[in-house]
Amino acid sequence: RPPSARASYGYARAEVLSAFVNALAMLALVVFIAVEAVDRLLRPVPVVGEVVMAVAIAGLAINLFVAWRLSRAHGNLNARGALLHVFGDILGSIAAIVAGAVVAFTGWTPVDPILSIVVALLILRSTVALLRESGGVLMEGVPGHLSYERIGHALAALPEVTSVHDLHVWAMGGGRIALSAHVVLAAGTAWPATLAAAQRLLAADFGIDHVTLQPTWPAAVPHGRVIPVVPAHSAGDRSRGRRS
């Protein structure tokens with residue numbers, strides 16, 4: 001949906017919010033798998049290896065196709081969250097195939113919960129990474145692939161720029177990155193050229209296309225004598241003092 005009067009940035013961050021919720025759901029799933037696996041180790045149940053293998057092979061084929069489709073959505077954080085779900089299903093299917101084969105040929109049922117715990121740990125690593133990245137976007141942190149210090153130094157190195165302060169860099173969602181900063185110039189006449197150079201620099205070197213820069217520069221000293229502005233009551237007090 002496009003930006004509106006109530007959502008001036010648009011709704012691209014809904015993608016990030018969905019990925020964050022997705023990661024939380026994956027954490028809950030990891031805990032559930034681990035608890036069930038431990039329970040199966042303590043209280044083994046009969047497992048029909050051949051049935052497990054057949055269902056797992058069918059599930060693996062479907063999940064591989066879905067993963068291939070999702071992998072084409074480059075740069076989409078929400079698609080990464082969905083892909084993480086499918087990745088967990090793929091690992092689960094592979095683990096189920098191995099477990100079914102072991103049970104069918106050896107009868108050793110503990111292999112099923114043991115492989116489930118291994119899969120849960122693998123999913124946990126990717127889930128934590130997705131949770132950290134989506135949480136960083138929601139907290140308006142600097143995107144992980146950018147260096148805050150490098151951006152600041154690059155802006156400060158532009159001609160006529162004496163310093164940069166109040167620099168903020170954050171992800172708007174949908175792959176777009178925003179930046180705002182106060183730029184101090186040696187002279188106000190340099191601002192048009194400096195603004196154009198800063199926009200080119202940020203787009204080419206850092207992929208930042210939503211830029212808001214506020215310039216400041218020393219005020220020019222007027223010709224002639226400078227008379228300080230004095231409040232009226234202070235001037236009146238001095239006048240009364242002279243009359244007395």
Side-chain angles (χ1 to χ4, degrees), residues 1 10-139 141 143-145 171 173-176:
R1 297 178 58 184
Y11 297 88
R13 195 164 283 186
E15 164 196 320
V16 182
L17 181 61
S18 178
F20 183 78
V21 174
N22 205 352
L24 292 178
M26 289 299 293
L27 284 179
L29 181 61
V30 166
V31 173
F32 174 77
I33 292 174
V35 170
E36 287 292 312
V38 171
D39 184 65
R40 289 290 182 93
L41 283 173
L42 298 177
R43 296 183 297 178
V45 298
V47 177
V48 182
E50 294 80 4
V51 175
V52 171
M53 289 176 61
V55 174
I57 290 172
L60 178 62
I62 295 172
N63 285 314
L64 286 174
F65 173 75
V66 174
W68 172 72
R69 294 284 295 176
L70 287 174
S71 64
R72 302 169 66 183
H74 300 291
N76 189 317
L77 193 60
N78 193 35
R80 282 183 53 198
L83 185 61
L84 182 59
H85 270 295
V86 177
F87 177 69
D89 290 340
I90 290 174
L91 290 178
S93 297
I94 294 174
I97 292 172
V98 174
V102 171
V103 172
F105 292 106
T106 68
W108 191 56
T109 56
V111 67
D112 183 30
I114 290 175
L115 289 178
S116 297
I117 293 176
V118 172
V119 170
L121 293 176
L122 293 175
I123 297 174
L124 179 63
R125 179 180 178 183
S126 300
T127 299
V128 170
L130 179 64
L131 188 64
R132 184 184 295 114
E133 183 176 353
S134 58
V137 174
L138 294 176
M139 294 298 294
H145 67 286
R176 293 196 68 191

- Query: Minimum heavy-atom separation for A99 to L115, with atom names?
  - Reply: N-CD1, 3.9 Å
- Ignoring hydrogens and angles, tell me if any N or O in the side chain of S126 forms a donor-acceptor pair with the backbone of I123 under 3.5 Å. no
- Message: Strictly distance-based, threshold 3.5 Å: is any side-chain N or O of S18 a donor or acceptor partner for the main-chain N or O of A14?
- Response: no
- Tell me, with the steps shown, if V119 and I33 meet side-chain contact (heavy atoms from CB on, under 4.5 Å). CA-CA 9 Å; V119 170; I33 292 174; 5.5 Å; no
- Message: Are the side chains of V48 and V52 in contact, using a 4.5 Å heavy-atom criterion?
- Response: no
- Minimum heavy-atom distance A37-I117, with the two atoms named: CB-CG1, 3.5 Å
- Heavy-atom closest pair, residues V103 and T109: CG2-CA, 4.0 Å
- Message: Are V38 and P113 packed together at the side-chain level, in the sense that at least one heavy-atom pair is separated by less than 4.5 angstrom?
- Response: no
- Residues W108 and I114: closest non-hydrogen pair is CH2-CD1, 3.8 Å
- Item | Non-hydrogen side-chain atoms of D39 and R43 separated by less than 4.5 Å | yes
- Note on the structure: CG (L64) and CD1 (I90) are apart, to the nearest 0.5 Å, by 4.5 Å
- Message: Surrounding CZ of F32 (heavy atoms of other residues, nucleotides or ligands, distance under 6.0 Å), is the total greater than 12?
- Response: no
- Query: If you measure from CD on E133 to NE2 on H145, what distance do you get to the nearest 0.5 Å?
  - Reply: 9.5 Å
- Message: To the closest 0.5 Å, what do you measure between CG (L29) and CG (L24)?
- Response: 12.5 Å
- Task: Determine, stepwise, if the pair V66 / D89 fulfils side-chain contact (heavy atoms from CB on, under 4.5 Å).
- Result: CA-CA 11 Å; V66 174; D89 290 340; over 6 Å; no
- Note on the structure: Between V137 and A171, the two heavy atoms sitting closest are CG1-O, 3.9 Å
- Message: Distance check, rounded to the nearest 0.5 Å: L70 atom CG versus F65 atom CZ?
- Response: 10.0 Å
- Nearest-0.5 Å distance that lies between atom OH in Y11 and atom CG in L17: 13.5 Å
- Separation of L121 CG from L91 CG (nearest 0.5 Å): 11.5 Å
- Query: Of the non-hydrogen atoms in S134 and V16, which two are nearest, and what is the gap between them?
  - Reply: O-CG1, 3.5 Å
